4 protein chains.
Amino acid sequence: MGRTVACLDRTTKRYVSFDSMELMFTSDKAVGPRSATKILSAARDVLTAQGYSSLTIEAVAAAAGVGKSTIYRWWPSKEALLADAIADVFRADEIPDLGDTRAELRLAVDMTIDNYANEDLAAGLPALATGLLPHPELMTRFREAFLQRKRENIAVALRRGVERGDLPEGLDTDLVQDVWAGTILYRRLMMGSSLDDDVADRLVRLVLDSPAALVARS
Amino acid sequence: MGRTVACLDRTTKRYVSFDSMELMFTSDKAVGPRSATKILSAARDVLTAQGYSSLTIEAVAAAAGVGKSTIYRWWPSKEALLADAIADVFRADEIPDLGDTRAELRLAVDMTIDNYANEDLAAGLPALATGLLPHPELMTRFREAFLQRKRENIAVALRRGVERGDLPEGLDTDLVQDVWAGTILYRRLMMGSSLDDDVADRLVRLVLDSPAALVARS
Amino acid sequence: MGRTVACLDRTTKRYVSFDSMELMFTSDKAVGPRSATKILSAARDVLTAQGYSSLTIEAVAAAAGVGKSTIYRWWPSKEALLADAIADVFRADEIPDLGDTRAELRLAVDMTIDNYANEDLAAGLPALATGLLPHPELMTRFREAFLQRKRENIAVALRRGVERGDLPEGLDTDLVQDVWAGTILYRRLMMGSSLDDDVADRLVRLVLDSPAALVARS
Amino acid sequence: MGRTVACLDRTTKRYVSFDSMELMFTSDKAVGPRSATKILSAARDVLTAQGYSSLTIEAVAAAAGVGKSTIYRWWPSKEALLADAIADVFRADEIPDLGDTRAELRLAVDMTIDNYANEDLAAGLPALATGLLPHPELMTRFREAFLQRKRENIAVALRRGVERGDLPEGLDTDLVQDVWAGTILYRRLMMGSSLDDDVADRLVRLVLDSPAALVARS
DNA sequence: AGCTAAACGAGACGGTACGTCGCGTCTTTAT
DNA sequence: ATAAAGACGCGACGTACCGTCTCGTTTAGCT
């Protein structure tokens with residue numbers, strides 16, 4: 001299971017996001033920008049070291065030792081670059097079957113916290129939202145490339161809970177994840193609150209205890 | 001009860017937030033920007049009509065028929081201006097005592113949805129978060145000026161629910177509001193999902209049904 | 001008698017070239033770019049020190065300690081700037097009445113050589129020609145602002161020669177000047193030949209000796 | 001008798017100009033760019049159709065259906081390419097012995113006008129001058145490859161005039177040609193004046209009538 | 001006829017300069 | 001006296017070409 005990276009489709013001349021594993025498997029030679037790694041990592045470095053307001057294409061190019069045009073050749077905008085830079089380090093692990101629904105849910109919440117509470121990259125998320133909001137089609141592509149895998153992996157764990165009878169039939173796995181991610185992001189970005197053990201535990205219990213509210217409209 | 005607006009203290013040269021009522025009451029003394037209303041409303045117009053990326057000081061000045069320096073005299077940054085422009089229309093109503101906890105919670109959720117799902121202004125929120133994130137002290141002041149009143153009014157309603165016995169002693173009102181606001185914002189900004197009646201109802205039931213998870217650590 | 005400088009007509013919002021004397025006479029305060037002098041002189045410095053291929057707007061701005069936009073605000077193109085920079089030091093003296101036609105013609109030829117053989121600025125002339133050729137209307141304005149005065153002053157001297165009987169009625173003063181300027185420029189730019197005393201003398205004699213060929217078509 | 005074309009000496013890695021006849025005669029050895037003709041003609045096409053400012057290597061390569069590297073393989077710079085493109089169509093005919101000096105001189109002047117008044121290519125000449133000025137050695141090589149033959153052919157005709165006694169001993173054939181070419185170019189490029197029959201005739205008479213001024217310093 | 005080496009097309013790359021836009025400051029003009 | 005208008009130094013934008021550099025792919029002369 002790999003990360004997504006940017007690539008220009010040579011046939012359509014349109015930019016597409018490949019899964020890096022696909023990339024590796026489809027070609028033993030590097031396809032796409034030769035310096036994709038260098039560039040994405042430089043973008044993260046700049047974001048971490050200087051903050052979003054200093055995340056300019058020129059700064060990334062300089063940090064990566066690359067010409068601006070190389071970045072523009074492969075990424076159509078700062079948002080696209082930022083999306084890939086974040087996606088590249090976004091956790092989307094499969095939740096192992098532990099035989100213990102509560103433990104699995106806790107793993108899912110922890111992974112979500114890992115992603116959103118990441119000191120540096122989290123700063124990029126609202127910026128990304130700002131940039132993508134006026135372009136719903138980009139937003140959709142971003143969700144698919146970026147959040148899909150993580151949400152699917154977590155949904156698998158939730159469905160295991162349903163099978164075990166720990167969670168009710170018809171659980172709205174999307175809503176559960178919106179509650180988790182939303183609460184975590186909101187506390188992180190707007191409230192600056194802690195995202196400690198206690199909060200994680202309560203988010204788990206919220207799902208274990210109140211399933212009726214989280215069951216999809218019949 | 002008025003809205004907060006920004007103002008530069010001429011003595012200390014520091015930026016301060018006035019309650020707009022104060023402003024209105026003292027306006028015969030020509031304190032504060034004469035064109036505050038024009039400017040904030042122009043800012044919202046630009047944001048609505050052209051999106052955040054076109055929300056420049058120059059555009060706001062032009063739309064308000066005002067010189068750039070007039071804006072800079074009173075607001076130290078685009079973020080400050082944006083914050084006031086949003087705060088100016090942010091709903092923070094008191095929740096009336098309906099004698100019915102569920103109905104009151106629903107009012108609270110609806111108000112939150114009103115604020116965050118507002119087609120146009122919501123676009124400004126992640127931008128605001130982006131701008132404020134590197135400045136925790138600004139973020140704090142923003143929270144106080146901006147979210148405080150709304151959260152207090154909702155907390156009053158939640159505590160009424162506790163007194164009525166509909167909600168448990170020790171309910172963590174902050175966490176409740178984080179779950180509500182977070183879920184709503186996340187769906188609005190990241191998922192583009194609907195924020196319909198059903199979701200509102202389930203967010204209410206989530207709080208009514210699973211109080212254990214929402215009680216502060218003992 | 002002044003030099004031409006660039007100026008934006010505030011009414012028409014179009015760029016115009018003013019005679020600097022006019023400029024001085026029309027306004028005791030500086031009209032036009034506050035740093036016109038700094039900029040034009042920086043342009044000449046760069047041209048002299050590094051050659052035309054290094055004469056970039058960015059280099060001029062840097063050398064003048066000025067923002068690029070200040071240059072673009074007042075000059076619509078590199079050619080316009082170059083034209084003014086050259087015009088600013090282009091000799092267009094009146095030829096004094098010496099009572100000696102040969103001596104006056106020699107003054108005229110020497111002035112022409114001064115202008116075109118100038119080690120550094122001459123390099124700018126073919127560049128200017130290249131830039132203006134596709135825009136006949138610019139070329140016309142350039143001729144008027146730039147060459148007119150010089151040609152008129154020389155024509156005055158030629159007509160004195162006609163009055164004295166040293167040159168024939170109907171002398172084509174334009175053709176004379178085209179022959180002089182053309183020969184000098186061609187030797188300077190294309191042949192790299194010397195432009196010494198001897199050449200100057202022969203260009204004078206060419207006009208004194210062969211008037212028939214230089215009389216306008218009857 | 002052919003035209004000169006550019007070629008990179010594979011041994012010395014220096015650029016040399018071949019006479020195109022040499023090229024044709026040696027072409028069985030595959031010397032020189034296979035697509036020299038295509039490229040030079042594409043260069044002229046671009047210059048004619050879009051002007052000098054659009055004469056980029058990339059545009060020429062595209063117009064010629066050729067890779068950029070093929071051009072760079074054979075021409076070290078845009079100026080070299082332009083020089084060859086112009087030289088390729090530059091007239092340098094021998095002036096036939098008509099037994100009539102005036103008629104022969106007129107042929108020479110007409111040929112010069114043909115070359116310099118060519119609507120499209122003339123635009124390339126000042127550009128060429130601009131590019132070559134900072135490199136005197138290139139300028140010299142250009143003169144030799146480009147102007148030499150034409151000037152020699154005209155000089156032959158002038159010397160026939162001397163032998164016939166129509167022109168004086170010691171006539172400075174270089175100065176004559178500088179006057180002709182200079183006047184024509186200057187009127188064409190700087191003045192935009194006509195280059196009609198009348199001008200041609202007067203340039204001829206200028207040389208026939210005023211030989212003293214055109215005799216080399218004794 | 002098949003092989004080999006060159007020349008070739010295509011175009012990615014690190015760069016430089018372009019001309020534009022908006023920033024936040026400062027100056028001028030006109031109430 | 002205050003504010004509009006807007007010039008200014010600055011820095012990033014996204015674009016166009018530069019000249020260099022791999023890449024396969026012709027293509028032509030030589031076994």
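To find a chain, count down the sequence lines: A is the first, B the second, and so on, and within it residues start at 1. None of these values were measured; they are calculated from a predicted model.
- Scanning for side chain to side chain contact (heavy atoms under 4.5 Å, CB included) contacts around D/Ala63 gives D/Ala42, D/Val46, with sequence neighbours left out.
- Between B/Ile71 atom CD1 and F/dT2 atom P there is a gap of 19 Å when expressed in whole angstrom units.
- Of all heavy-atom pairs between C/Leu133 and D/Pro126, the closest is CD1-CG, 4.3 Å.
- Taking 4.0 angstrom as the limit, D/Arg73 places none of its side-chain polar atoms (N or O) nearer than this to OP1 or OP2 of E/dA7.
- Screening residues 35-47 of chain B for salt bridge (charged side-chain N to carboxylate O under 4.0 Å, His left out), with sequence neighbours left out, gives B/Arg44-B/Asp88.
- Sorted by first and then second residue, the pairs that involve residues 50-71 of chain B and meet salt bridge (charged side-chain N to carboxylate O under 4.0 Å, His left out), not counting sequence neighbours, are B/Glu58-B/Lys68.
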| query | How would nucleotides 15-22 of chain F be written as a contact map, 5' to 3', with B for base contact, S for sugar-phosphate-only contact and - for no contact, using protein heavy atoms under 4.0 Å? | reply | B-SBBBB-
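- Residue D/Trp74 places at least one side-chain N or O under 4.0 Å from the OP1 or OP2 atom of E/dC8.
- Map C/Lys38 and B/Val66 each onto its nearest nucleotide of DNA chain F; the residue landing nearer the 5' end is B/Val66.
- Nucleotide F/dG14 holds its P atom 9 Å from the CD atom of A/Glu79, rounded to whole Å.
- Between D/Thr70 and E/dG9 there is a side-chain polar atom (N or O) within less than 4.0 angstrom of OP1 or OP2.
- Legend: residues meeting salt bridge (Lys or Arg N to Asp or Glu O under 4.0 Å) with D/Lys78, ordered by chain and number and at least two apart, are absent.
- Legend: residues meeting side chain to side chain donor-acceptor pair (under 3.5 Å) with A/Gln50, ordered by chain and number and at least two apart, are absent.
- Distance OH (C/Tyr52) to P (E/dA17): 14 Å, rounded to an integer number of Å.
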